[in-house]
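The structure appears right after this line, and notes come after that.
Numbers here are sequence positions counted from 1. Note that the coordinates shown come from a computational prediction; the quantities given were computed from them, not determined experimentally.
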Amino acid sequence: MTHLAQEVDALFERQLRDWPMVRNNFAALEQVQLRHIALEHAAVVLQCNSVRRRSSAARTDAASLAARPCFLCSHNQPKEQEMVRWGDYKIQVNPYPIFPRHLTISALEHTPQQLWPLARIDHMLQLAAELPHWVVFFNGARCGASAPDHMHFQAGCKGFLPLCDEITEPDLWPAEAQMEVCDEGFIGYTHRLGRPVFLIRAAGLPLASLYFSRLLLAMRMSQPDSQLEPMVNVLAWRDGDYLNVAVFPRRKHRPACFGPGADQLLISPASVDMGGVWAVPEPANFERLNATLVQQIYDELCVDDTGIARIMDNFIKTSN
């Protein structure tokens, strides 16, 4: 176990012991109702989780962000909330969990939620390497992040997201699914799991960082305004000597059905949902969701086939 992993484990145990709200919210998570939905080649788990209402319903327009104190800035956080310092980031227990163990990893400085400059990519991959029992994830500012004004990653315990096991099945990556291959790994694309996903599998951080950077550049080149951060959700985790990175290209922040009304769904999918676990805060929504609705929402939010082809063409250009 790495030194950082030991520090994080100790932090988690202290917060469960000393912070009643965290202890109660994680205990409640053990009692949440689950439903399993089968897509054609993938599994989705619905989690009826009322503590996620705050995140799902978060107003992320500029006026709303300016009007509320940032809950990731230290001076606005509860006195009980401790941290482990990691470079220019602080690692903290997420008090509103989806995972049985759930972390927020936020920049010490109040700075926008974006992976540019590309050093953020290396930070994410290094975290995945140093936290081998965790999946590290990033929600783009327009892709489910409830704090788009403050740079942060999150992490959840491995073994929880169905996609992390599904995506590494060898049969999913025949030669025709691999965009570029070398002795140390590959980058490939598939739509067989119900939503478009690029997978990077690399023996070491340098190759993972290279492929990840080129993919984000290709996504940036593929959109009308190449100055904007690409809309993306990202999962990264260590698998022995390899780093896996799953990248989901997005075209829309929230589905058309989003809202609190009786005929709407309080659903704002982000990386965890792309990974196959949907935290649903409203019981009525939990009962209403089915495979057809889940697939429709994935299709609405994710880049279509034309956009994927454009990204793949631009990825080839980045090799020159």
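- Aromatic ring pairs are classed by plane angle as parallel below 30°, tilted from 30° to 60° and perpendicular above 60°; the pair Trp173 and Phe186 is tilted.
- Under the 3.5 Å distance criterion, the side-chain polar atoms of Thr104 are left unmatched by any main-chain donor or acceptor of Gln92.
- For Arg251 (side chain) and Leu301 (main-chain N/O), no donor-acceptor pair under 3.5 Å exists by modelled atom type.
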* Asked: Please walk me through it: do Leu163 and Arg195 pass side chain to side chain contact (heavy atoms under 4.5 Å, CB included)?
  -> CA-CA 11 Å; Leu163 180 123; Arg195 59 277 201 201; 3.5 Å; yes
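- Between Met179 and Phe198 there is a side-chain heavy-atom pair separated by less than 4.5 Å.
- Residues His152 and Gln113 meet the side-chain proximity criterion, which asks for heavy atoms closer than 4.5 Å.
- There is no path of hydrophobic side-chain contacts, each under 4.5 Å, that joins Met231 to Val234.
- For Asp304, the CG atom sits in a packed shell: over 12 heavy atoms of surrounding residues, nucleotides or ligands are nearer than 6.0 Å.
- Shown here for Ser209 and Ile121, the closest heavy-atom pair between the two residues is OG-CG2, 4.1 Å.
- In this structure, Tyr242 has no ring pair (Phe, Tyr, Trp, His ring centres under 6.0 Å) partners at least two apart in sequence or on a different chain.
- Using a distance-only test at 3.5 Å, with no hydrogens or angles considered, no donor-acceptor pair links the side chain of Lys158 to the main chain of Cys164.
- Connection of Met21 to Leu72 is not established within any shared hydrophobic cluster, with ILVMFWY side chains joined at heavy-atom distances below 4.5 Å, either directly or through further cluster members.
- Note that the SG atom of Cys143 and the CG atom of Asn233 stand 5.0 Å from one another [nearest 0.5 Å].
- Using bins of under 30°, 30° to 60° and over 60° for the plane-to-plane angle, the ring pair Phe99/Phe160 lands in the tilted bin.
- The shortest side-chain heavy-atom distance between Arg142 and Pro148 does not fall under the 4.5 Å cut-off.
- Both Leu4 and Val93 are part of a single hydrophobic cluster, where members link through side-chain heavy atoms under 4.5 Å apart.
- Residue Ile105 holds its CD1 atom at 9.5 Å from CE of Met151, rounded to the nearest 0.5 Å.
- Using a 4.5 Å heavy-atom cutoff, the side chains of Tyr211 and Cys182 are in contact.
- A heavy-atom distance below 4.5 Å is found between the side chains of Pro95 and Val22.
- Between Pro196 and Tyr189, some side-chain heavy-atom pair lies under the 4.5 Å cut-off.
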* To do: Kindly indicate, with the supporting measurements, whether the criterion side chain to side chain contact (heavy atoms under 4.5 Å, CB included) is fulfilled by Leu289 and Val44.
  => CA-CA 11 Å; Leu289 280 166; Val44 169; over 6 Å; no
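- The shortest heavy-atom contact between Ser268 and Asp273 is O-OD1, 4.4 Å.
- Side-chain contact between Val303 and Arg310 is absent, with no heavy atoms from C-beta onward closer than 4.5 Å.
- Remark: the backbone N or O of Ile98 is paired with a side-chain donor or acceptor of Gln47 at under 3.5 angstrom.
- Checked by atom type and distance alone, the side chain of Arg23 pairs as donor or acceptor with a backbone atom of Arg17 at under 3.5 Å.
- Considering only heavy atoms from C-beta on, Ile267 stays 4.5 Å or farther from Cys257 through its side chain.
- Closest of all the heavy-atom pairs between Ile297 and Pro269 is CG2-CG, 4.0 Å.
- No side-chain donor-acceptor contact under 3.5 Å links Asn285 to the backbone of Leu265.
- Judged purely by atom type and a 3.5 angstrom limit, Arg238 uses its side chain to pair as donor or acceptor with the backbone of Gly240.
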* Yes or no on side-chain hydrogen bond (donor to acceptor under 3.5 Å, both in side chains) for Gln81 and Lys90, after CA distance, side-chain angles and deciding distance? -> CA-CA 11 Å; Gln81 193 156 20; Lys90 57 183 180 180; over 6 Å; no
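- Screening residues 101-126 for salt bridge (Lys or Arg N to Asp or Glu O under 4.0 Å), with sequence neighbours left out, gives Asp9-Arg101, Glu13-Arg101.
- Using a distance-only test at 3.5 Å, with no hydrogens or angles considered, no donor-acceptor pair links the side chain of Thr318 to the main chain of Ala218.
- The SG atom of Cys157 lies 12.5 Å from the CG atom of Leu131; values are rounded to the nearest 0.5 Å.
- Shown here for Leu243 and Ala128, the closest heavy-atom pair between the two residues is CD2-CB, 4.1 Å.
- With hydrogens and angles ignored, the 3.5 Å screen pairs no side-chain donor or acceptor of Glu82 with any backbone N or O of Gln15.
- Ring-centre distance between Phe26 and Phe12: below the 6.0 Å cut-off.
- The two residues Glu166 and Ala43 come nearest to each other via the heavy atoms OE2-N, 2.9 Å.
- From Leu235, atom CG reaches atom CG of Asn139 across 8.5 Å, with rounding to the nearest 0.5 Å.
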* To do: Go through Tyr298 and Trp278 one step at a time and tell me if the ring pair (Phe, Tyr, Trp, His ring centres under 6.0 Å) criterion holds.
  => CA-CA 12 Å; Tyr298 276 146; Trp278 289 44; 5.5 Å; yes
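- Looking at Asp149 and Arg68, a side-chain N of the basic residue comes within less than 4.0 Å of a carboxylate O on the acidic one, giving a salt bridge.
- The local environment of CG in Asp241 is sparse, with at most 12 non-hydrogen atoms from other residues, nucleotides or ligands closer than 6.0 Å.
- Note on Ile37 and Leu193: same hydrophobic cluster, where clusters join Ile, Leu, Val, Met, Phe, Trp and Tyr whose side-chain heavy atoms are under 4.5 Å apart, directly or indirectly.
- Across every non-hydrogen atom of His36 and Val45, the tightest pair is ND1-CG2, 3.6 Å.
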* Should Ile187 and Phe315 be marked as a side chain to side chain contact (heavy atoms under 4.5 Å, CB included) after you check the CA-CA gap, both sets of side-chain angles, and the distance that decides it? -> CA-CA 10 Å; Ile187 178 171; Phe315 180 83; 3.6 Å; yes
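- Taking CD of Glu180 as the start and CD1 of Ile316 as the end, the distance is 9.0 Å to the nearest 0.5 Å.
- At least one donor-acceptor pair under 3.5 Å links the side chain of Arg52 to the backbone N or O of Tyr96.
- In the hydrophobic clustering of ILVMFWY residues, with side-chain heavy atoms under 4.5 Å counting as a link, Leu216 and Met312 come out together.
- The aromatic rings of Trp86 and Tyr89 lie tilted to each other, with the angle between the two planes from 30° to 60°.
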* To do: Quick one: do Leu266 and Phe258 satisfy side chain to side chain contact (heavy atoms under 4.5 Å, CB included)? Show the steps, please.
  => CA-CA 5 Å; Leu266 198 61; Phe258 174 80; 4.0 Å; yes
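- Here the straight-line distance linking atom CZ of Arg35 with atom CD of Glu287 works out to 6.0 Å at 0.5 Å rounding.
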